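For reference, the structure is listed below as structure tokens.
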Amino acid sequence: MLTFIARRCLFMVPTLVAISLVAFAIIQLPPGDYLTTMVSRLESEGQSVDQAMLDGLRERYGLGQPLHEQYLKWISGILLHGDFGQSFEYGTSVAGLIGDRLPLSILLTVTTLLATWIMAFPVGLYSAVRQYSAGDYIATTLGFLGLAIPNFMIALGLMYVMHTVFGYSVGGLFSPEFRDAAWSLAKVGDLMAHLWIPMVVLGTAGTAGLIRILRANLLDEVRKPYVMAARARGVPERRLVLKYPLRVAMNPFVSTVGWVLPALISGEVIVASVLNLPTTGPLLLGALQSQDMYLAGSIILVVSVLTVIGTLLSDILLAWLDPRVRLGYR
Amino acid sequence: MAHTTAGTDAATATDSGPATDTDAGTDSVTGGETAARGDDRWSSASQRRLVWWKFRQHKLAMAGLVVTGLVYLIALFADVIAPFGTSTFDAEYTYAPPQRIHVDWGEGLYVHGYTSTVDEETLQLSFEIDETQRIELGLFVKGEEYELFGLIPWDRHLIGPVDPDEPMYLMGGTRTGHDLFSRIVHGTRVSMTIGLVGVAMAFVLGVVLGGVSGYFGGRTDMAIQRLVEFFMSLPSIPLWLGLAAALPPGWGPMQRYFAITTILAVIAWTDLARVVRGRFLSLRNEEFVTAALLDGCSRPRVIFRHMLPSFSSHLIASVTLSIPAMILAETSLSFLGLGLQAPAVSWGVLLQDAQNVRVLSTAPWLMLPGLCVIITVLALNFVGDGLRDAADPYKR
């Protein structure tokens with residue numbers, strides 16, 4: 001098991017390096033560098049440009065030096081000092097901006113993932129055990145719809161219905177009175193009251209996919225000879241399904257985290273922008289629209305790295321659950 | 001059109017098709033007279049026919065195929081079907097509500113006109129459908145000139161007001177006073193072709209890299225697999241956004257269109273590569289491949305003449321399933337304002353207007369382009385599912 005974890009971590013290193021290269025490329029892609037953008041911005045606002053400050057910044061980011069040196073300077077700043085650079089849109093450090101919003105993003109993603117599991121499990125189980133029943137058809141149809149409707153359409157539809165029918169405005173994660181308040185039990189309660197909407201919106205596609213996979217796997221599994229043998233010996237039907245086939249069919253719950261997680265984080269950008277949530281998604285969108293590239297690149301970097309770590313955790317969990325995975329890696 | 005051919009085929013197939021499909025391959029000896037008749041049909045039919053027969057049993061997939069066909073027809077004849085061009089608008093009718101088409105058997109089609117009132121305080125325009133006004137509609141009426149397929153100059157529109165200056169907003173008006181129906185029809189073009197063009201690019205990348213990976217195995221496989229895993233582990237939308245935001249703002253709609261398609265394809269090829277690799281790996285040790293190699297066939301010949309055809313139906317299924325994903329991706333990007341931009345019309349661009357709840361509550365019809373996306377994606381998913389089930393017609 002330890003060798004498995006060690007190998008898996010080792011495999012992760014090139015991925016992480018590649019991610020940092022992509023993020024760096026995104027920072028570099030727009031024409032002009034950080035300083036020219038900043039100078040033109042300051043000049044358009046009629047402010048004078050302080051040459052000494054410019055030189056300091058140029059030194060700090062290694063601008064004007066070859067690309068690989070800039071990259072080394074950038075990445076070592078992040079790794080050694082946690083310095084992601086400066087956001088010229090907000091005028092503060094990128095690390096602080098991300099730090100403010102990341103916890104809520106992580107909270108939203110993790111709770112959505114859990115909600116996906118909790119919703120998909122009973123429905124998928126029912127769908128497979130009662131194949132071709134009315135409930136199965138309803139679940140399958142809903143599953144198809146869930147996969148076909150873009151996240152943001154669900155969000156828009158929900159907002160529209162809530163607004164016109166209930167006169168209740170959806171959006172944000174906190175009620176106005178709690179927005180700037182310190183953390184308290186009441187604030188947590190308020191967060192929970194708001195969190196379910198983005199959770200439902202984000203979780204639909206993942207739940208739909210998971211239901212389909214669980215159903216298909218369980219159907220394959222219950223047709224196997226060992227199930228028939230157990231049935232022939234008079235094992236009660238309920239125990240028959242729950243004892244072994246379900247366990248095997250449960251694997252995708254963990255193994256699909258690898259693609260559900262990136263999908264959730266992707267969806268979060270759009271849904272959070274529509275619902276106006278204080279997470280990293282709208283921050284990224286705003287940064288890209290105003291070409292605030294250090295902020296945008298850093299968000300992409302952090303979010304991607306977290307995704308890869310999440311996938312790693314799910315792989316380790318899967319290896320722990322299923323010896324075949326563990327052995328297959330040798 | 002698709003219906004009639006399906007109908008005649010169905011009539012000939014019902015007597016033998018489904019009844020024998022479970023035991024077609026095995027029982028030429030044990031089967032009775034009826035089975036033998038079916039057997040003939042099955043054993044002499046080409047692979048393509050077998051796949052088609054199997055596909056046709058999937059009712060939802062057939063329905064999906066019809067809908068998909070219709071949507072592509074709309075895209076092809078967008079200029080004729082849309083009552084107005086993309087740049088026509090009337091600022092007097094911003095957010096005009098949709099009109100219902102009435103049929104008067106004596107005089108033909110008509111819609112009611114509008115009376116508009118301006119709110120004294122907010123200066124907001126609001127419209128009432130005025131039942132006393134009648135705007136005559138006609139089929140194939142004269143309207144704006146356009147060039148059909150970019151070649152044939154024509155000025156007829158499938159439906160439109162007889163007097164081109166009268167307002168007709170079948171699906172309501174937009175913020176700028178464009179006719180939403182016309183814009184949705186025009187948007188079909190971009191939204192539907194971006195799926196095709198993007199998938200075509202992803203297909204080339206996926207087949208080449210997946211094929212190389214599966215055929216050669218070893219270190220090459222290892223390297224390409226790592227690359228695929230890398231792309232799959234990244235959250236795609238932030239990456240798309242990052243790349244799309246880097247496009248020079250001065251680019252015209254055409255350049256942007258191809259750039260966005262390329263960006264989508266660069267990230268979407270991994271699924272196809274995995275399918276192709278898996279198939280290659282399982283086929284590599286088949287006897288017919290060894291036989292072809294021993295016969296002295298060159299490698300490209302073995303790959304393209306012997307291996308590729310035997311899983312082309314699986315490939316088509318995967319391609320069909322990746323088109324809707326591409327359409328959704330474009331819609332999301334454009335919706336966020338980083339995909340295609342204003343002079344270009346796509347469903348995602350149209351949905352940009354629908355971002356605000358306050359706007360939506362006064363003009364809910366702005367969500368209609370989203371409905372088009374859902375219907376199309378659903379139809380394509382059904383077709384893809386049907387194809388996947390039918391891809392291996394010998395199975396059961």
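Atoms considered below: every heavy atom in the structure, side chains included; atoms not considered: hydrogens, waters and symmetry mates. Quantities reported herein were computed from a predicted structural model and do not represent experimental measurements. Chain letters run A, B, ... following the sequence lines, proteins first and then strands; every chain starts at 1.
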Report task. Could you tell me which non-hydrogen atom of B:M367 sits nearest to which non-hydrogen atom of A:M153, and how far apart they are? Result ->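 Smallest heavy-atom distance, with atoms named: O-CE, 3.8 Å.
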Query raised in the report: If you look at every heavy atom in A:S266 and B:I237, which pair is closest and at what distance?
Result: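 Looks like OG-N, 3.0 Å.
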Give, as side chain, backbone, both or neither, the part of [X] having an atom under 4.5 angstrom from any heavy atom of chain B.
{"X": "A:T311", "value": "neither"}
{"X": "A:A18", "value": "both"}
{"X": "A:I149", "value": "both"}
{"X": "A:V22", "value": "side chain"}
{"X": "A:I19", "value": "both"}
{"X": "A:I26", "value": "side chain"}

Using non-hydrogen atoms only, which part of [X] is less than 4.5 Å away from chain A: side chain, backbone, both, or neither?
{"X": "B:L328", "answer": "side chain"}
{"X": "B:L378", "answer": "both"}
{"X": "B:I327", "answer": "neither"}

Query raised in the report: Based on non-hydrogen pairs under 4.5 Å, which of B:V373, B:T376, B:T331 is most in contact with chain A?
Result: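 Counting heavy-atom pairs under 4.5 Å, the top option is B:T331.
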Query raised in the report: When only pairs under 4.5 Å are counted, which of A:L284, A:V274, A:I265, A:L285 shares the most heavy-atom pairs with chain B?
Result: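 Among the listed options, the one with the most contacts to chain B is A:L285.
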Report task. Considering only heavy atoms and a distance below 4.5 Å, find which of A:N151, A:V308, A:T15, A:L156 pairs most often with chain B. Result ->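 With the most close heavy-atom pairs to chain B, the winner is A:L156.
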Straight-line distance of [X] [atom1] to [Y] [atom2], nearest 0.5 Å:
{"X": "B:L241", "Y": "A:I270", "atom1": "CG", "atom2": "CD1", "value": "7.5 Å"}
{"X": "B:F230", "Y": "A:L16", "atom1": "CZ", "atom2": "CG", "value": "9.5 Å"}
{"X": "A:I300", "Y": "B:L243", "atom1": "CD1", "atom2": "CG", "value": "7.5 Å"}
{"X": "B:I374", "Y": "A:I154", "atom1": "CD1", "atom2": "CD1", "value": "8.0 Å"}

Query raised in the report: Take atom CZ in B:R274; do more than 12 heavy atoms of anything else shown fall under 6.0 Å from it?
Result: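 Counting other residues, nucleotides and ligands, CZ of B:R274 stays at 12 neighbours or fewer.
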Query raised in the report: Should A:V269 and B:W240 be marked as a side chain to side chain contact (heavy atoms under 4.5 Å, CB included) after you check the CA-CA gap, both sets of side-chain angles, and the distance that decides it?
Result: CA-CA 11 Å; A:V269 177; B:W240 280 330; over 6 Å; no
Requested in this report: Determine, stepwise, if the pair A:F152 / B:L336 fulfils side chain to side chain contact (heavy atoms under 4.5 Å, CB included).
Outcome: CA-CA 10 Å; A:F152 64 87; B:L336 290 178; over 6 Å; no
